[in-house]
Protein chains: 2
Amino acid sequence: MSNTKVLPLVEPDSDAVAPCCPPLTERPFTADEAETAARMFKALGDPVRLRLFSAVASHEGGEACVCDISDVGVSQPTVSHHLKKLKEAGLLTSERRGTWVYYRVEPSVLAAMGKLLTIAPAAA
Amino acid sequence: MSNTKVLPLVEPDSDAVAPCCPPLTERPFTADEAETAARMFKALGDPVRLRLFSAVASHEGGEACVCDISDVGVSQPTVSHHLKKLKEAGLLTSERRGTWVYYRVEPSVLAAMGKLLTIAPAAA
DNA sequence: CGCCTGGTTCGACATGTGTCAACATAGATG
DNA sequence: CATCTATGTTGACACATGTCGAACCAGGCG
């Protein structure tokens, strides 16, 4: 394996979690890779989405219902809109349980993005 | 210290490279933190910028002149525009050397973003 | 000095995006 | 079934953003 303990907090086979792209520093991205990766970054490129995502990610059990996190200074439809965006970007998944809808983070995508930003482990 | 060897590829005092925010998973972001972090993510949230950034980052010596990376399918003014955005976001720095202008990556910012995406090292 | 090449800035335009109010839907509960 | 609460969807609108061509600045060179 190329890099052994870069993100030891995820799956053991941490090489498999990045079906998207190599580290940004490894070689110039192709148009397709850039398109894919940019979609994820763009999803986190909004303050409200970032707060929502962080709220879900840091919530107990890695999941939270909308009612728990919708206090970010915008109207409820806007919250819903942003959560949808995050879902479309593959960063969150949602599940309805009775009255409430719970969102949870997709850890593999987080890890993939983290690896993208890794300084090229050329020497390792 | 809270997290000892999350991104061992950077400076030894890797805690100092993130003057921005804690990991997304540690606690809900404040409005200010989200604003700051979103600015960086947004900068990488465009395919063209991502290609340019990757081209610079992966170039020999971590720097490249515009002429080396401007082959991304958009006009040259547009390239310049995106490079400016990346510079404003703190991801790149530029320096004129004779005829050419060289861009290089700001590794500390890369590392900071990587840490942001770290899965909360709660257990560690 | 005049000109050429590399790069940035300007002005304009089309498109994308964040936001809200109003309406619609899904379950729970009486 | 009536109704209430929790979410999502729609339509509209202001604003930001990506893009280009044209004009402009900076160095090197004859």
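Atom set for the values below is all heavy atoms of this structure, side chains included, hydrogens, waters and symmetry mates excluded.
Remark: M113(B) CE to L24(B) CG distance equals 10.0 Å, nearest 0.5 Å. Here the CD1-CZ distance, from I69(A) to R51(A), works out to 11.0 Å after rounding to the nearest 0.5 Å. For the atom pair CD (E63(B)) and OG1 (T93(B)), the distance works out to 8.5 Å, reported to the nearest 0.5 Å. Expressed to the nearest 0.5 Å, how far CG of L116(A) lies from CG of L117(B) amounts to 9.5 Å.
Y103(B) comes within 4.0 angstrom of sugar-phosphate atoms only, judged by non-hydrogen atoms across all strands, and of no base.
Protein atom CD of E95(A) is 17 Å distant from nucleotide atom C1' of dG8(D), rounded to whole Å.
The side chain to side chain contact (heavy atoms under 4.5 Å, CB included) search around E33(B) returns C21(B), P22(B), R27(B), F29(B), T30(B), not counting sequence neighbours.
Of all nucleotides in DNA chain C having an atom under 4.0 Å from a heavy atom of chain A, the first and last in 5' to 3' order are dT17(C) to dA28(C).
Contacts with DNA chain D (heavy atom under 4.0 Å) in residues 72-89 of chain B: V74(B), S75(B), P77(B), T78(B), H81(B), H82(B), K85(B), listed by number. A heavy atom closer than 4.0 Å to some atom of DNA chain D occurs in no member of residues 42-51 of chain A. Using a 4.0 Å cutoff on non-hydrogen atoms, the parts of residues 54-69 of chain A near DNA chain D are C65(A), V66(A), C67(A), ordered by number.
When all heavy atoms are compared, the tightest approach of V101(A) to S94(A) is CG1-CB, 4.1 Å. Pairing each heavy atom of A38(A) with each of P47(B), the nearest pair is CB-N, 3.5 Å.
When the side chains of ILVMFWY residues are joined at heavy-atom separations under 4.5 Å, either directly or via intervening members, V56(A) and V74(A) end up in a single hydrophobic cluster.
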_Stepwise side-chain contact (heavy atoms from CB on, under 4.5 Å) test for V105(A) and L91(A)_ = CA-CA 6 Å; V105(A) 306; L91(A) 295 171; over 6 Å; no
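In this structure, the side chain of S54(B) does not engage the main chain of L50(B) through any donor-acceptor pair within 3.5 Å.
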Distance-only check: which donor-acceptor pairs under 3.5 Å involve side-chain atoms of residues 77-85 of chain B, not counting sequence neighbours?
{"from": "T78(B)", "atom 1": "OG1", "to": "S75(B)", "atom 2": "OG", "distance (Å)": "3.0"}
{"from": "H82(B)", "atom 1": "ND1", "to": "R49(B)", "atom 2": "NH1", "distance (Å)": "3.2"}

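At least one side-chain heavy atom of L86(B) sits under 4.5 Å from a side-chain heavy atom of L44(B). Within the 4.5 Å cutoff, side-chain heavy atoms of K87(A) are placed close to those of Y103(A).
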